Amino acid sequence: MSEGRFRQRVLSTVRRIPIGRVATYGDIARLAGRPRAARAVGNIMRDCRARDVPCHRVIAAGGAIGGYSDLPVKRALLRAEGLIVTSTRVKDFARKRWPERRKRR
DNA sequence: TATATGACAGCAT
DNA sequence: CATGCTGCCATAT
């Protein structure tokens with residue numbers, strides 16, 4: 001099956017994104033221990049067939065929708081979770097982003 | 001061991 | 001706001 005230690009860490013991280021919340025590829029990379037591997041995360045999401053992995057909750061930087069095998073479906077899934085999604089971005093992204101950002105000291 | 005491949009990010013234009 | 005380019009990286013060949 002799937003190889004790649006990083007891959008496993010990415011999948012388990014994505015599995016923890018709560019319903020109605022989103023995270024960027026970069027966020028996942030960081031949480032998975034490789035802050036600059038956002039692009040690699042995208043490659044991993046590309047195969048995302050596992051149903052228990054909410055890959056639709058992984059979007060691009062700044063709240064942009066990002067990629068998906070079928071964008072209309074991605075928008076529908078996000079909307080179904082209560083998010084407001086325009087053709088290109090998730091509205092109110094800062095507040096829907098997961099996990100909560102640490103306040104600066 | 002080397003090269004190719006992107007559901008990216010950030011900056012420049 | 002849209003394009004394009006560079007840096008970065010795990011994976012597959």
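Computed from a predicted model, the values in this text were never measured in an experiment. Proteins get letters first, then strands, A, B, ... in listed order; numbering begins at 1 in each.
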Rounded to the Å, how far apart are [X] [atom1] and [N] [atom2]?
X: A/Arg39; N: B/dG10; atom1: CZ; atom2: P; value: 14 Å
X: A/Tyr25; N: B/dT5; atom1: OH; atom2: P; value: 20 Å
X: A/Arg7; N: B/dT5; atom1: CZ; atom2: P; value: 20 Å
X: A/Asn43; N: C/dT13; atom1: CG; atom2: C1'; value: 14 Å
X: A/Arg89; N: B/dA9; atom1: CZ; atom2: C1'; value: 14 Å
X: A/Asp47; N: C/dA10; atom1: CG; atom2: C1'; value: 12 Å
X: A/Ile44; N: C/dT11; atom1: CD1; atom2: P; value: 5 Å
X: A/Leu77; N: B/dA7; atom1: CG; atom2: P; value: 18 Å

A/Arg46 vs B/dA7: side-chain N/O to OP1/OP2 distance below 4.0 Å: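 Yes, such a contact exists.
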
Check this one for me: any side-chain N or O of A/Arg5 less than 4.0 Å away from OP1 or OP2 of C/dA10?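 The answer is no; no side-chain N or O of A/Arg5 sits under 4.0 Å from OP1 or OP2.
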
Tell me whether the count of non-hydrogen atoms from other residues, nucleotides or ligands lying under 6.0 Å of CZ in A/Arg30 goes above 12.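 Yes - once you tally the heavy atoms of other residues, nucleotides and ligands closer than 6.0 Å, there are more than 12.
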
Would you say that more than 12 heavy atoms from the other residues, nucleotides or ligands in this model lie under 6.0 Å from the CZ of A/Arg36, or not?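 No, CZ of A/Arg36 has 12 or fewer neighbouring heavy atoms, counting only those of other groups under 6.0 Å.
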
Tell whether A/Arg36 reaches the base of C/dG7 with its side chain through a donor-acceptor pair below 3.5 angstrom.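 Under the 3.5 Å cut-off, the side chain and the base do not form any donor-acceptor pair.
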
Per the atom types in the model, does the base of B/dA7 pair as donor or acceptor with the side chain of A/Tyr68 at under 3.5 Å?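 No such pair is found, so the answer is no.
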
All side-chain contact (heavy atoms from CB on, under 4.5 Å) counterparts of A/Arg16, not counting sequence neighbours: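 A/Arg16 satisfies side-chain contact (heavy atoms from CB on, under 4.5 Å) with A/Thr13, A/Trp98 once adjacent residues are dropped.
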
Return the 5'-most residue of the pair A/Gly67, A/Gly62 with respect to DNA chain B, ranking by each residue's nearest nucleotide.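 The residue closer to the strand's 5' end, by nearest nucleotide, is A/Gly67.
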
Using a heavy-atom cut-off of 4.0 Å across all strands, would you classify A/Gly26 as base, sugar-phosphate, or nothing?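 Result for A/Gly26 = sugar-phosphate.
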
Base, sugar-phosphate or nothing for A/Phe6? Non-hydrogen atoms, less than 4.0 Å.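 Counting heavy atoms under 4.0 Å across all strands, the contact made by A/Phe6 is with sugar-phosphate only.
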
Starting at the 5' end of DNA chain B, what dot-bracket string do you get if Watson-Crick and G-U pairs under 3.5 Å are bracketed, crossing pairs use [ ], other-strand pairs use | and unpaired bases use dots? .|||||.||||||

Nucleotide nearest A/Lys74 when distance is taken to its side chain, options B/dA7, C/dT11, B/dA9: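 Of all the options, the side chain of A/Lys74 is nearest to B/dA7.
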
Step-by-step side-chain contact (heavy atoms from CB on, under 4.5 Å) determination, A/Val90 to A/Ile65: CA-CA 6 Å; A/Val90 169; A/Ile65 282 299; 4.1 Å; yes

A/Arg57 (side chain) donor-acceptor with A/Val14 (main chain) under 3.5 angstrom: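 Checked: no pair found.
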
Look only at the side chain of A/Arg75 and the backbone of A/Ser87, and say whether a donor-acceptor pair between them is shorter than 3.5 Å.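 Pair found, side chain donor or acceptor close to backbone of A/Ser87.
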
Single-linkage hydrophobic cluster, 4.5 Å side-chain cutoff, A/Val73 and A/Leu83 together: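 As far as the 4.5 Å side-chain criterion goes, A/Leu83 and A/Val73 are connected within one cluster.
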
